[in-house]
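Since the structure comes first, as structure tokens, the remarks are kept for the end.
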Amino acid sequence: MSIGIVLHNNERTIPNDLFVSVNDLNAAGGPLILVNQRINVDQTFSLNVQEDGNGNGNIAWTAQTADGSRTNQATVSVTDGQTVEVASF
């Protein structure tokens, strides 16, 4: 089964579009399920990830500013309908 989550570009301090990639850590091999998706400032992108036995998802995301000047990454546990804030800081 899968759950739906929302990625939100939280680049507010220094507004920048982001290129975001996501690995689904619950899927076998932790495949890359989103590759360099451009998300404009304060915009969102929805996707589905595989749930674990408790109904949670686990993802690793990487965000890079459109100009390539900053990159950030995080690993987070998510629930159905959750919004994940992504930013380069």
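If you're wondering where the values come from, they're calculated on a predicted model, not measured in any experiment.
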#### Entry: Shortest non-hydrogen contact between Ala66 and Arg38, atoms and distance
CB-NH2, 3.6 Å

### Query
Given Leu18 and Leu7, is the side chain to side chain contact (heavy atoms under 4.5 Å, CB included) satisfied, shown in steps?
CA-CA 11 Å; Leu18 295 174; Leu7 303 174; over 6 Å; no

### Query
Between OG1 of Thr83 and CD of Glu85, what distance do you get to the nearest 0.5 Å?
6.5 Å

### Task
May I ask you to test the Asn16-Arg70 pair for a side-chain heavy-atom distance under 4.5 Å?
yes

### Message
Quick check: closest heavy atoms across Ala63 and Ala87, and the distance to 0.1 Å?
### Response
CB-O, 4.0 Å

### Query
Is there side-chain contact between Val76 and Ile59, with at least one heavy-atom pair below 4.5 Å?
yes

### Query
Taking Ser21 for the side chain and Asn36 for the main chain, is one N or O donor matched with an acceptor at less than 3.5 Å?
yes

### Val49 to Gly57 - nearest heavy-atom pair and separation
CG2-CA, 4.2 Å

#### Entry: side-chain hydrogen bond (donor to acceptor under 3.5 Å, both in side chains) contacts touching residues 47-63 (sequence neighbours left out)
Asn26-Asn58

### Query
To which residues is Val41 joined in a hydrophobic cluster, defined by side-chain heavy-atom contacts under 4.5 Å among Ile, Leu, Val, Met, Phe, Trp and Tyr, whether direct or through other members?
none

### Query
Nearest 0.5 Å, what's the OG1-CZ distance between Thr71 and Phe89?
13.5 Å

### Summary
Rounded to the nearest 0.5 angstrom, the CD1-CG distance for Ile5 and Leu47 is 4.5 Å

### Message
If you define the side chain from C-beta out and look only at heavy atoms, does anything of Asp42 sit under 4.5 Å from Asn9?
### Response
no

### Query
Rounded to the nearest 0.5 Å, how far apart are CG of Asn23 and CD1 of Ile33?
8.0 Å

### Task
Look only at the side chain of Asp24 and the backbone of Gly30, and say whether a donor-acceptor pair between them is shorter than 3.5 Å.
no

### Query
How long is the span from the CG atom in Leu34 to the CZ atom in Phe19, to the nearest 0.5 Å?
12.0 Å

#### Entry: Distance, nearest 0.5 Å, that separates CG of Asp17 from CD of Gln43
9.0 Å

